[in-house]
Number of protein chains: 2
Amino acid sequence: MREQKKQATREALSAAALRLALEHGPDNVRVDDIAEAAGVSPRTYNNYFSSREQAIVAAVTGEREARVAAAVADRPADVSLADAVIEAIVDQYTDPGEPARDALLLITTRPALRDAFVATTGAIEHPLTGAIAGRLADPGRHAARVLAASVAAAVRVALEQWLQTTAASATTSGLVVPSGSLPDLLRTALAPLIPALDAAEHRAGRPHH
Amino acid sequence: MREQKKQATREALSAAALRLALEHGPDNVRVDDIAEAAGVSPRTYNNYFSSREQAIVAAVTGEREARVAAAVADRPADVSLADAVIEAIVDQYTDPGEPARDALLLITTRPALRDAFVATTGAIEHPLTGAIAGRLADPGRHAARVLAASVAAAVRVALEQWLQTTAASATTSGLVVPSGSLPDLLRTALAPLIPALDAAEHRAGRPHH
DNA sequence: CAAAAAACTTGCGTACACGCAAATTTGCGT
DNA sequence: ACGCAAATTTGCGTGTACGCAAGTTTTTTG
């Protein structure tokens with residue numbers, strides 16, 4: 001029950017942060033406003049989020065970290081690790097409806113919000129480690145941890161490219177090369193890691209060469 | 001020429017930060033003290049570092065980012081990309097003398113400093129991208145960027161493990177498993193990425209499978 | 001069911017990061 | 001050498017993060 005209430009206030013805070021940022025612009029929102037809109041004290045707001053940007057971005061990213069890990073774990077056992085990871089990530093990052101258009105425009109516009117957005121990729125690392133370890137015969141989790149961190153890094157690279165081009169096309173109207181849709185960018189960024197994922201999946205022991 | 005003076009004040013600031021932190025403990029050092037010891041205004045301190053931890057850690061990490069990239073680029077052309085990267089990193093992170101023993105003990109002790117220390121691995125990403133791209137025939141730098149980010153992530157994982165065990169052995173005297181020297185941890189963490197580095201090196205085109 | 005224990009919230013005080021604009025310094029052209 | 005333009009330093013003001021201890025709510029225990 002305490003968990004439910006904690007998650008409720010957490011959602012209320014990030015929802016209020018996003019709504020106020022959209023209404024008045026992100027620079028005209030103070031933490032007191034967010035706290036008041038969520039019905040808690042300013043100090044409590046800082047027990048949940050350590051920056052305004054974190055709260056705003058959380059309203060968009062939501063529970064993506066846990067969902068990615070669950071999606072990897074739920075793939076049938078006969079698909080390769082690489083395919084499971086790639087498809088799970090692409091699925092979760094193309095989930096429509098969730099990213100409200102205006103919210104994403106806001107995030108791509110302000111540098112501080114962009115940074116907070118890409119920083120969320122770090123949060124998938126821990127759950128993903130478990131999901132990858134579950135698909136490896138090797139009980140040692142060192143490889144899984146490194147692979148999860150690498151996958152998270154690749155996702156971050158893809159998001160950076162995506163934000164860069166979308167920000168550019170937002171300012172200079174239409175003449176930039178739209179370097180691809182987000183799913184394509186994700187697949188391209190993850191492609192170099194396929195050999196590492198395959199190798200970890202096939203060899204049980206030490207991959208020293 | 002102004003570059004020299006800027007680097008000088010930067011060094012003076014981080015050196016003063018480390019010295020004061022060692023003398024009085026990191027929690028008893030205020031920004032004003034660091035600025036005064038370096039002979040600049042407090043506001044100027046914040047033009048160089050955005051946190052006390054950053055300044056302290058910079059005194060230890062120094063120019064490691066650039067040195068790693070240079071070391072990768074300087075390996076002979078007939079060694080594999082994976083070997084070049086691994087050996088360059090191991091070399092730069094075992095450079096003796098630089099990490100003063102007491103400074104590292106200080107960093108491993110305080111959580112905030114530990115976080116700042118591991119965060120420095122992100123700084124090697126950009127230079128390393130260039131160095132890796134220079135060893136790939138493929139002019140497209142997407143793969144190099146992803147690989148560099150993955151390598152940086154692996155190094156970060158190794159540092160986390162190293163700090164974790166050293167911190168544990170610092171508190172509970174001696175009964176924890178010393179999970180290995182830093183060079184060993186680095187090699188183990190980088191091993192899962194070898195297939196990806198090899199594949200990127202050999203195939204010029206698209207590594208889709 | 002009462003009372004202790006644990007967890008969460010809140011107010012307060014302190015230190016801090018950073019935007020902004022004025023003042024000072026540096027590099028350069030003539 | 002002189003002064004102009006760009007870069008850098010500095011003071012100030014605002015909004016913020018967070019440790020700490022007291023107050024409040026929830027969970028556990030006898």
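Any value given below was found using the heavy atoms of this structure, including those in side chains, with hydrogens, waters and symmetry copies removed. In what follows, every chain begins at residue 1, and chains take the letters A, B, ... in the order their sequences are listed.
- The shortest distance between the side-chain N/O atoms of B:S50 and the OP1/OP2 oxygens of C:dA17 is not below 4.0 Å.
- For the pair B:N28 CG and C:dA15 P, the computed distance is 11 Å after rounding to whole Å.
- Atom CZ of A:F49 is separated from atom C1' of D:dT16 by 16 Å (rounded to the nearest Å).
- Under a 3.5 Å cut-off, the side chain of B:T44 and the backbone N or O of B:V40 do not form any donor-acceptor pair.
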For residues 129-136 of chain A, run the donor-acceptor check on the side chains, cut-off 3.5 Å, and write out each pair with its distance to 0.1 Å, sequence neighbours left out.
from, atom 1, to, atom 2, distance (Å)
A:T129, OG1, A:E125, O, 2.8
A:R135, NE, A:V72, O, 3.2
A:R135, NH1, A:V79, O, 3.4
A:R135, NH2, A:R75, O, 2.5
A:R135, NH2, A:P76, O, 3.1

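- The side-chain hydrogen bond (donor to acceptor under 3.5 Å, both in side chains) check on B:D115 picks up nothing, with sequence neighbours excluded.
- Residues satisfying the side chain to side chain contact (heavy atoms under 4.5 Å, CB included) test with B:E53, not counting sequence neighbours, are B:S51, B:A112, B:L113, B:A116.
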Between the protein and nucleotides 26-29 of chain D, are there any N/O to N/O pairs under 3.5 Å, and if so, what are the atom names and distances?
from, atom 1, to, atom 2, distance (Å)
D:dT26, OP1, A:K5, NZ, 3.3

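- Rounded to an integer number of Å, the gap from B:K6 NZ to C:dT24 P is 21 Å.
- D:dT25 atom P lies 20 Å from atom CD of A:E3, rounded to whole Å.
- For the helix from C:dC1-D:dG30 to C:dT30-D:dA1, the rotation axes defined at the first and last 5 base pairs enclose an angle of 30°, given to the nearest 10°.
- Residue A:Y45 has no polar side-chain atom (N or O) positioned under 4.0 Å from OP1 or OP2 of C:dT10.
- Listed by chain and residue number, A:I89, A:V90, A:Y93, A:V155, A:A158, A:L182 satisfy the side chain to side chain contact (heavy atoms under 4.5 Å, CB included) test with A:L186 (two or more places apart in sequence, or in another chain).
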Heteroatom pairs (N/O) under 3.5 angstrom, protein to nucleotides 11-15 of chain D:
from, atom 1, to, atom 2, distance (Å)
D:dG11, O6, B:R43, NE, 3.3

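- A:R141 meets the side chain to side chain contact (heavy atoms under 4.5 Å, CB included) test with no other residue; sequence neighbours excluded.
- Atom P of nucleotide C:dA17 and atom CG of A:D27 are separated by 20 Å, given to the nearest angstrom.
- The side chain to side chain contact (heavy atoms under 4.5 Å, CB included) check on A:A71 picks up A:A88, A:Q92, with sequence neighbours excluded.
- Counting only residues at least two apart or in different chains, side chain to side chain donor-acceptor pair (under 3.5 Å) contacts with residues 3-17 of chain B comprise B:T9-B:Y48.
- Nucleotide D:dT9 holds its C1' atom 16 Å from the CZ atom of B:R10, rounded to whole Å.
- Between the C1' atom of C:dC16 and the CG atom of B:N47 lies a distance of 14 Å, rounded to the nearest Å.
- Atom pair A:D32:CG and D:dA17:C1' shows a separation of 13 Å (rounding to whole Å applied).
- Backbone-only contact: B:Y48 has heavy atoms under 4.0 Å from sugar-phosphate atoms and none from a base.
- The list of salt bridge (charged side-chain N to carboxylate O under 4.0 Å, His left out) pairs with a residue in residues 21-40 of chain A, not counting sequence neighbours, reads A:R19-A:E23, A:D27-A:R110.
- Under 3.5 Å, the side chains of A:E65 and A:H126 contain no donor-acceptor pair of N or O atoms.
- Residues forming a salt bridge (Lys or Arg N to Asp or Glu O under 4.0 Å) with A:R145 (at least two apart in sequence, or on another chain): B:E160.
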